[in-house]
Amino acid sequence: MPIPPNDYDLNDPILQNLNDAQFEAVTHDKGPLLILAGAGSGKTRVITRRIAWLVRYKSVFPSRILAVTFTNKAADEMRERVATLLGHEDAPRWMGTFHSICLQWLRRYAERLGYPKDFVIYDDRDSTSAVKSILKRFGLPKEGASSYTYFIDNVKNAGKSASDLLAATVRREYVEVYEAYQDDLKSNGAMDFADLLLLALELLQDHEDIRREIQSHFDYVLVDEFQDTNDVQYQLLQQLVQEHRNLCVVGDDDQSIYSWRGAQIENILEFTDNYPEAKVVTLGNNYRSTSKILEAASRVISYNDSRYEKALTAMRGPGHPVIVHANLNEKYEAEWVVAKAIECMEDGARWSDIAVFYRTNAQSRVFEDSFGAMGIPYRVVGGMRFYQRKEVKDVIAYLRLIVNPADSIALERIFNVPPRGIGPATIDKARAAMTGPEDSLLMALARVGDQAGGAVGKRISSFIAMLTDLAVKAKEMNAEQVLRETFDKTGLLEFFEKDETPEGRSRVENVQELLASARQFYETTGLDDVGAWLDKVALVQPLDEGGGNEAVSLMTVHAAKGLEFPCVFVCGLEHGLFPLSQRPSAATYAAPIGREALAEERRLMYVAMTRAMDKLHLCYAATRMRYGQTVAGRPSVFLTELPRSAIKLV
DNA sequence: ATCTCTTCTGTTTTT
DNA sequence: CAGAAGAGAT
Ligand SMILES: Nc1ncnc2c1ncn2[C@@H]1O[C@H](COP(=O)(O)OP(=O)(O)OP(=O)(O)O)[C@@H](O)[C@H]1O
C-alpha cells in the first residue's frame, strides 16, 4: 500500500536533506525516469535514496532491484550507503558494473551460446596477443596489431555484426581478422570485455526462455553515469525493462568522457525518444563546490557547443579563488604541488582530503617521487595495473590453463616460463598440427611431443602431466592453495627469486601480493573455486592500498569520476597533454586536436575541476621530459577559458 | 634452447 | 626512459 506524500516521515534518513527536485526523483513511482543534472547536484545521492525508498516505502524486494554503476568501487560505495539506510540484510544483491552483472548471467548460460561453462576472460593484452597470432597466420604485418584490436573493440561496443561490416566500407582484411578473432576466442573458450556485454545481449535477444527468466528477476533497474553507456549496454537495458519500463537513468552529458570506449552521449540526450512517457527531473543546485570553483568550471564547459544546458547554482559561499600556477618543468610542478599540499594540511586538511589529478598515468611517477621524498603517504589509484604486470599475468596464465586447457593464449605465455626446454620452434609445430576449432594447442602440443619422442618428447609429456595433475588437485583447493601448488610444481617462484635486481625483487613482491589477495578472497567470500577468483581478478582491479587510509590520492582524471575531495590539484595543463593530442611526435609536442576530441577533453577538464569542494589548484610545466627528451610546452587552452574573477595566478 | 646485449618503438583514458 | 623484440654467441 503506497503511503501518500503527506504521510512521509521527513525525519527518516532516507528522505532527509533532499531538495524538492531530488525528493520528486527519489519518490517517483513506476515508469521511466531520467535525471539529467550537472556536477555535484546530488545525482548519486538520489539514486541511493531511491533504492532505499523502493525497498522501504514500496515494499520492493531488494533482490528485485538491479543497480548498475560505472566502476566496481562505485558499486561497493553504493551498497555501503544503501546498507546504512536499510541495514545490511536489505541491501540489494544485484549491484555492479554492466560487465560483472553480464558475467553472472553468462556463467549460467554460456553453453547455450556454444561457450564452455568455464570460459576465461581476456584482458586487452590477451586480445592483442590473439590478434598478433592471427596476423602471423594470415601473413599480415604485426605492426598493425593495435589498430586491429582497436577496430574489433569499437565494432563490438557498437553492437555491429560481421555482416554490418561487410556493408560498410571497411577494409576486407579487417573484417577477416575480426571474424578469425571471434572464432579463435570461442575455440579457446574465452571472452573479452566487449564479449561480456555483447554475448549477454545475445542471450537476451535470441533466447526467449532466458530473456523471460532474466527479465522476471527485476522490477526496477537503475543506472548511474548513464552518459557513458554504449549502444550494447543501452540495448541490454531496453531488453531488461521491456515489460515494466521501470528504468531510472542518471547522468550528465557534460561528464561523458568515454566515447573512445563506445559511449554515446545520445543515449542520455535522446532518452525520451525511446521513453516518451519518461519523467524528467533536472537538479539545479550544486552542493559540493564553493561558488568560485563552480563558476570557473561552468565557464570552461560553456566553450563546448551542442550541450544540453543545465543551470547550476552554487549552494556554498565564494570560498577561495582557483589557484593557477606555472612551473619550470614537471619536477618543479610536483614539488609545488607537495608544498601546497602541506599548506592544505596545515590549514586543517587530512592527507586523504587531498587529490592530485593528471591526464596520463605516466605522469604519476614524479608525484610519487616528490611525495615519497617528503615522507608524505600517498596512493596511486589505478595506474600500471597490478593484474597486468608481466609476472602476475604469468602466474594467472597457469591458473587459467588449469581451469580451461583450451586457453591457447595462456599456454603461449607460460609454456617456457620458467625455461623447461620447450622452445618457440616446438610451439610452432604444435600450432601447425592443430586440426580445427575442436582441437586445442595443448592437445596438439601433446601429440607433437609423442611424435618427437626423445628428450623433447619427455619434457613435453612431463609438462603436460604436471598441468593435468594440477588441474585434478585444483578441483579440491581454493585459489591460494592452487597458487602454492603451482609454484611448488613449476618452480615459478624460485625462477622469479633468482633475479636479484630491483625489478626482480619487485616481481617477487607482486607475486606474494597475489597470494595474499587470493587468501583474502577466500576469507572474505568463502568461495573456494579457482574460477571465481579468476573472474574477480579479471574484472576488479585492486584499490591500491599503499599508504593506508590517510594518504594523498594520485589518479587520472578518468579514475576521479564520481569522487570528491576538499583539496584538488589538476596538473600538466599543457597543450598536447591536457588537452591531449593523439599523435605526439618526438619533435613537436602537440599535434592539432579535432573538434570532437577537444570537446571531450574539455568535458574531462570539467570533471576534474568539479571534483573539488574547497580548494582547486591548476598547474602546468613549461618543459617536460617525454620519451627521454625535454620538450617545451605551452599552457593549455583551458587555462585561457577561465574567468578572471574566479582565479588567482601565483 | 638459452642467455645477453642491442636496437626499436611507443604513450591517452578503463571495464 | 622503459619494456619488448631481435641478433648473435654459447
Ligand atoms: N540536498 C542536499 N543537501 C546537502 N548536500 C547534498 C544534497 N544533495 C547532495 N549533497 C551533497 O553534494 C555532494 C555531491 O553529491 P553527489 O555525489 O550525489 O552528486 P553527483 O550529482 O552524483 O555528482 P557528480 O555527477 O559530479 O559526480 C555530496 O557531498 C552530497 O553529500
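Order of the sequence lines sets the chain letters (A, B, ...), proteins ahead of strands, with each chain counted from 1.
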Ignoring backbone atoms, test whether A:K132 places a side-chain nitrogen or oxygen under 4.0 Å from the OP1 or OP2 oxygen of C:dA5.
yes
Tell me what A:D123 touches on the nucleic acid: a base, only sugar-phosphate, or nothing, going by heavy atoms under 4.0 Å.
nothing
Whole angstrom is fine here: how far is it from CD in A:E391 over to P in C:dG3?
10 Å
Using residues 446-456 of chain A as the side-chain source, report each donor-acceptor pair under 3.5 Å to any protein atom, sequence neighbours left out, with the distance given to one decimal.
{"from": "A:R447", "atom 1": "NH1", "to": "A:D439", "atom 2": "OD1", "distance (Å)": "3.3"}
{"from": "A:R447", "atom 1": "NH2", "to": "A:A433", "atom 2": "O", "distance (Å)": "3.0"}
{"from": "A:R447", "atom 1": "NH2", "to": "A:D439", "atom 2": "OD2", "distance (Å)": "2.7"}

Is there a donor-acceptor contact under 3.5 Å linking the side chains of A:D192 and A:Y181?
yes
Where each residue is assigned the nucleotide of DNA chain B containing its nearest heavy atom, which of A:R459 and A:H558 is assigned the position nearer the 5′ end?
A:R459
When rounded to whole Å, the CZ to P distance for the pair A:F98 and B:dT15 reads 15 Å
What is the distance, rounded to the nearest whole Å, between atom CG of A:N230 and atom C1' of B:dT13?
16 Å
Member of A:Q255, A:M609, A:R603 meeting the side chain to side chain contact (heavy atoms under 4.5 Å, CB included) criterion with A:I301:
A:R603
Donor-acceptor pair under 3.5 Å, A:R359 side chain vs B:dT13 base
yes
Rounded to whole angstrom units, what separation is found between the OH atom of A:Y150 and the P atom of B:dT13?
14 Å
Can you tell me how far P of B:dT15 sits from NE2 of A:H99, to the nearest Å?
9 Å
On DNA chain B, check which nucleotide each of A:P419 and A:T556 is closest to and give me the residue with the more 5' one.
A:P419
Whether the side chain of A:E574 engages the backbone of A:Y620 through a donor-acceptor N/O pair (distance < 3.5 Å, no angle test) should be reported.
no
So, is A:T71 near the phosphate of B:dT14, with a side-chain N or O under 4.0 Å from OP1 or OP2?
no
Integer-rounded Å distance: B:dT13 C1' and A:D228 CG
11 Å
Whether A:R79 and A:D76 form a salt bridge (side-chain N of Lys/Arg under 4.0 Å from carboxylate O of Asp/Glu) is what I want to check.
yes
Find the distance A:D394:CG to C:dA4:P and express it as a whole number of Å.
10 Å
A:R413 CZ to C:dA4 C1', straight-line distance once rounded to whole Å
12 Å
